[in-house]
Amino acid sequence: MEYDFRAIEQKWRKHWAENKTYQTVENPDKPKYYGLTMFPYPSGAGLHVGHPLGYIASDIYARYKRLKGFNVLHPMGYDSFGLPAEQYAIQTGQHPAITTKANVGRYREQLDKIGFSFDWDREVRTSDPNYYKWTQWIFKQIFESWYNKSTDKAEHIDTLIAEFEKNGNLQVSAVHDCEIAFSAEDWKEFDTKKQNDILMDYRLTYLADSWVNWCPALGTVLANDEVVNGVSERGGHPVEQKLMRQWSMRITAYAERLLQGLVELDWSDAIKDIQRNWIGKSVGASVRFGVENHENEQIEVFTTRPDTIFGVSFMVLAPEHELVSQITTAEYKEAVENYKKEAGFKSERDRMSDVKNVTGQFTGAYAVNPLNNEKIPIWIGDYVLASYGTGAVMAVPCGDQRDWDFAQKFDIPIKNVFEGVDISEGAYTDKTGTITNSDFLNGLPVKKAIKRAIHELEEKGIGKSKTNYRLRDAVFSRQRYWGEPFPVYYDNGVAKTIADEHLPIELPEVDKYLPTEDGQPPLGNATDWYWDTQKNELTSKEYADQSHVHPMELNTMPGWAGSSWYFLRYMDPHNETAFVSKEKVDYWKNVDLYIGGAEHATGHLLYARFWTKFLKDRGFINFEEPFQKMINQGMILGNSAFLYVLNLKVESKIRIKKHFENQKPYQVLVDQKLLSELKSNEGTFNDLIEKVTLKLKQKDDNLSLDNPDLKDLRPIHINVNLERQDGTILLDDLSEWIGKDFANYDIDFIDDQKFVLGHEVEKMSKSKYNVQTPDDLVEQYGADTLRMYEMFLGPLEQAKPWDTKGINGVHNFLRKLWRLFHDAEGNVKITEGEPDKKALKTLHKTIKKIQEDMDRYVFNTAVSAFMICVNELTEQKCNNKAILQDLVVLLVPYAPHIAEELWVKLGNEAGTVSDATFPEFNEEYLVENTFAYPVSFNGKMRFKAELPTNMSKEDVEKEVMAMEQAQKYLEGKTPKKVIVVPGRIVNVVV
RNA sequence: GCGGAUGUGGUGAAAUUGGUAGACACGCUAGACUUAGGAUCUAGUGCCGCGAGGUGUGUGGGUUCGAGUCCCUCCAUCCGCACCA
């Protein structure tokens, strides 16, 4: 019997499903292993071959851990709230829940075909009310918390209220936005509204008017990580800054811990660096400068170089800085206003691309350096950002290149505070050297000078040491329908949360998914979107005028809400009384291995860390990093196929109306073969032009080609699934696929009725017609082949082009494996008895290799090791049961279906191989008596010398030098030196 | 500009601690068998050369008996950040 993968795979998938082979139960007697892959957004396009890459690696590792005796949690679910389903709903009126359900069904079908060991009983979907009930609950916990800097953790808001009642906010050290100071007495005097407003400034999620990234095309605000180069990450739509009342998450409270926590994580440096960069910590000082003629005003600046404070020769404020209008003198009013206007017109994108161009405007005002009372001009300039630091810089042209450029452009004097450094050509930005011209800092090296300067500033009460972060609070509101509703209603403008027992607050039905006519989010279309505080239920807007009926929050939560904690829900997915039970989270703890894309570095991966730390602070879980080790799988790129269209402009001698229609380009279809000829040989191109011209003349004598040029060649994507093995596409397939437009192309210049395709590696995408689904490959080769092939492609982390050419090699390997167990007639042929030495060596070499590769998360070379093993056993004609049995177990993680089948053929109970024991490596079988020493002369390998492994260095040297070949390479000379590394190499230096 | 990653045959790649460069596979060449198949088997396959031999891991240099691996220089590609004070 041949290897019938279709029958085998179907049979075992059914067996696993029926017997719940992969159901996971908490078991305190076994060590736990939690392997997780980033759950997918179920898009309408289905899975392509890039998606399963990470899942396969994760599954292999999970199955491996299982063989190693671990109790394995390996779940899967869906990040099922999101924009595409909603956009589709807007277009078609189809409820996103329906689309989502259909897509999830398709994903599940595709995933099921690949033989994953997921425990599907633990599936979660973020759009499921039973799930988002707890997302809402966690939101409430965050709402009811503040960040206490003295304990360095989040605490319940009640502890803050108690403190306010006792001492006001005078002794509170919190991360907050509160701009007023008040005593206990003041607090008690405040009305409820005022108290709530103040608390809002302390809550870890808060409602505030903030500058947000507004994307008109998507009709929603976006978080900073969702904006890339000034346009939306999804769809590439323009984004503008807008002041809006929004929910935000006070992630900045965790900036330092998010930064420090990275140290302990086993993540790639790339991702850690991206997060560090995003958090953007800089240490320095804040200094207050006085303003001449404005005794009551001070300008606070942040600087990382307080040591250069005597080198300050001007000050620059952001155009939006609040003091600008106050301090600008009458003389400069108009110029300043004009500059502000101009700066305001520039989009963020323009400002970014226009870095080189220095602009600014003098305000007429002067600041006073608090250390030497020197008068310095105050400018405004758009290189200073309102949103970073204090929106003002003390400009030190000798030590900062941008300040230097600015001073140069506007002829502002440059003071040098660095000893023996030339600053005539540019600023000196190194943090080394000695400070001079700086009063008490003279003669100090930079580092000491920084400390000394801060000390002095603090002493004089004009500044203090300060740490600044680039990280901003994350906007948490989205003006969309398909997301978690907030469990919040507004009682006379005061945001109040709905009690836990009434959660989840389910998404209301709406008749359309667009914003309302007065510009409110889609939930504004819902009729039953009012909260009745007497009945404790949602009610209709008809009752809106009743005093106990209040409007609900109209925004929904962003996509990252549900994904910030999903890994916890898998532990206890059906719990109705808690988001996860204490016992279960204490057992499973955090994720041991997380596999997913690197593109979530500043989004999901940061937010999930933030929420985890928060949940730890509030005592709900006992760890503060969600993902201990992470591997970022590389993108699988598509291998796009191309044909080319040569557009030749047609010119008519007679310029009368009827000829205009002939003036559209004459299009010649060119394939790769013709293209190379055209490029390499000018004659071919001239030939072609001549022939085309002839054709035109036949049609109408007045027509000719206008400046034919090979540059007017345009590639067109061809569906890669129509490509044949030899890299061509048949005329019929092509014309059918392109459709009626095909008639416009002249194809006479290609022979054979088939077209040679050109290729280019690009991102896999529907629009490039280069998407390949796993389904076809599973159909053609089987899931085991697909699994092994995806691993065989190369290192997991690396981006690599998808190419099915090599898949035969892996498929052949499985067939060869199959033949090891069968005779020529296809009957099972396995012998009992003691295995021979050679076979044992092959097996144990393989065990060692697989073990080592798993330990360092390398999957491609493990596949090679299996191939080598089977090649050797085939050569040895080994069909010994003991050997084959261990081999089958080794193979379970990679090719579970065939392993199950062979396991049964070996006489074992069906369905038990997943819980077999990983074979023990035994060094003994690898011990050899002799070793073939490579003998090099001056580092060049010349020949090999087979010598006993236990031979001493001296004897090896003697033996080798006595050899005939050695004499040949010595050419009669005496060796200067002979290096012998026992069991490794011999190198002769001549 | 700053930070990170990667550069090895025709292709995907391997070389884990400085020790035989190209394992394994695809492709290709030649051959065997054959109820022509997307089957199996044998031999070959980095480049130059008939050959002995030479040469070879992006470039140039260095350390070393020995460098794909370590150090310095430069180049290319990709990713992230970018007037961050």
Side-chain angles (χ1 to χ4, degrees), chain A residues 2 228-229 268-278 280-282 284 301-305 308 316 318 351-359 381-385 387-396 399-403 405-406 468-470 598-599 601-602 634-635 725 780-781 789 792-795 797-813 815-816 819 824 849 852-853 855-856 858 860-869 871 932-944 975-981 983-990:
Chain A
E2 265 289 290
V228 177
N229 293 330
S268 74
D269 287 341
I271 296 279
K272 286 191 187 182
D273 279 341
I274 291 172
Q275 289 209 346
R276 282 194 193 106
N277 223 324
W278 190 258
K281 179 180 184 176
S282 46
V301 299
F302 172 72
T303 176
T304 56
R305 297 293 302 271
T308 62
V316 188
R351 266 172 84 157
M352 280 194 291
S353 58
D354 201 16
V355 169
K356 294 265 142 54
N357 199 5
V358 180
T359 66
D382 68 5
Y383 83 93
V384 178
L385 306 175
S387 51
Y388 184 77
T390 60
V393 301
M394 55 173 232
V396 184
D400 183 290
Q401 192 55 45
R402 291 153 319 185
D403 297 346
D405 292 339
F406 197 90
N468 222 346
Y469 299 90
R470 200 185 73 107
E599 67 273 20
T602 52
M635 207 190 313
Q725 288 256 314
Q780 238 181 102
Y781 298 96
Y789 185 58
F792 188 62
L793 276 177
E797 285 103 324
Q798 233 167 68
K800 49 210 159 246
W802 178 256
D803 186 350
T804 49
K805 281 204 195 89
I807 200 167
N808 261 317
V810 173
H811 191 62
N812 284 343
F813 155 75
R815 296 169 15 129
K816 211 165 169 180
R819 286 201 300 274
K849 177 70 179 157
E852 283 170 358
D853 282 352
D855 289 348
R856 60 194 181 112
V858 171
N860 54 328
T861 50
V863 177
S864 301
F866 282 124
M867 289 174 170
I868 294 167
C869 178
N871 286 348
Y933 278 92
V935 180
S936 315
F937 286 76
N938 295 330
K940 274 257 169 283
M941 211 281 284
R942 295 302 181 179
F943 64 89
K944 287 188 183 172
K976 271 192 204 141
K977 197 172 176 185
V978 180
I979 288 114
V980 178
V981 183
R984 274 249 130 114
I985 201 170
V986 177
N987 191 18
V988 184
V989 187
V990 188

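Chain naming here is simple, since letters A, B, ... match the order of the sequence lines and numbering starts at 1 in each. The basis for the numbers below is simple: all heavy atoms, side chains too, and nothing from hydrogens, waters or symmetry mates.
Taking atom CZ on A/Arg819 and atom C1' on B/rA39, their separation rounds to 9 Å, with Å as the unit. Look at CZ on A/Arg276: it is 22 Å from P on B/rC79, rounded to the nearest Å. Distance CG (A/Asp400) to C1' (B/rA82): 14 Å, rounded to an integer number of Å. When rounded to the nearest whole Å, the span between NZ of A/Lys940 and C1' of B/rA21 equals 10 Å. Per the geometry, CD belonging to A/Glu797 stands 16 Å off C1' belonging to B/rC78, to the nearest Å. If you measure from atom CE of A/Met941 to atom C1' of B/rA21, you get 11 Å, rounded to the nearest angstrom. Distance CE (A/Met394) to C1' (B/rA85): 9 Å, rounded to an integer number of Å. Across the protein-nucleic acid pair, A/Lys805 atom NZ and B/rC28 atom C1' stand 12 Å apart, rounded to whole Å.
Aromatic ring orientation, A/Tyr781 versus A/His811: perpendicular (interplanar angle above 60°, classes split at 30° and 60°).
In this structure, A/Lys976 reaches neither bases nor backbone, as no heavy-atom distance under 4.0 Å exists between it and the strands shown.
Proximity of A/Ser282 to the phosphate of B/rA85: a side-chain N or O atom is located under 4.0 Å from OP1 or OP2. OP1 and OP2 of B/rC81 both lie 4.0 Å or more from every side-chain N or O belonging to A/Arg470. Between B/rU40 and A/Arg815, a contact under 4.0 Å exists linking OP1 or OP2 to a side-chain N or O. Taking only side-chain nitrogens and oxygens, A/Asn812 never comes nearer than 4.0 Å to OP1 or OP2 of B/rG38.
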Between protein and nucleotides 61-66 of chain B, what N or O pairs are separated by less than 3.5 Å?
residue : atom : partner  : partner atom : Å
B/rC65  : O2'  : A/Asn987 : ND2          : 3.2
B/rC65  : O2   : A/Asn987 : ND2          : 2.8

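As rounded to the nearest Å, B/rA52 and B/rG46 have P atoms that lie 14 Å from one another.
With its glycosidic angle within 90° of 0, B/rG9 adopts the syn conformation.
In this structure B/rG27 sits in a base pair with B/rU45, meeting the Watson-Crick or G-U test at under 3.5 Å. Under the Watson-Crick or G-U wobble criterion, with both distances below 3.5 Å, B/rA15 has no partner in any strand shown. Pairing partner, B/rU64: none, since no Watson-Crick or wobble contact has both distances short of 3.5 Å. The pairing partner recorded for B/rA32 is B/rU40, the criterion being a Watson-Crick or G-U wobble arrangement whose two distances lie under 3.5 angstrom.
Comparing A/Lys816 and A/Gly391 along RNA chain B, the residue whose closest nucleotide (by nearest heavy atom) sits nearer the 5' end is A/Lys816. Between A/Ile274 and A/Ile985, the one whose closest nucleotide on RNA chain B sits nearer the 5' end is A/Ile985.
Looking at A/Gln275, its side chain has no donor and acceptor atom pair within 3.5 Å of the base of B/rG80.
Checked for salt-bridge contact, A/Arg276 and A/Asp273 meet the test: a charged N lies under 4.0 Å from a carboxylate O.
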TODO: Summarise how protein sits on nucleotides 9-16 of chain B as a single string, 5' to 3': B when a protein heavy atom is under 4.0 Å from the base, S for sugar-phosphate-only contact, - for no contact.
DONE: ---BSSSB
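Not counting sequence neighbours, A/Asp403 has no partner by the salt bridge (Lys or Arg N to Asp or Glu O under 4.0 Å) test.
Comparing B/rU20, B/rC81, B/rA25 by their closest approach to the side chain of A/Asn871 singles out B/rA25.
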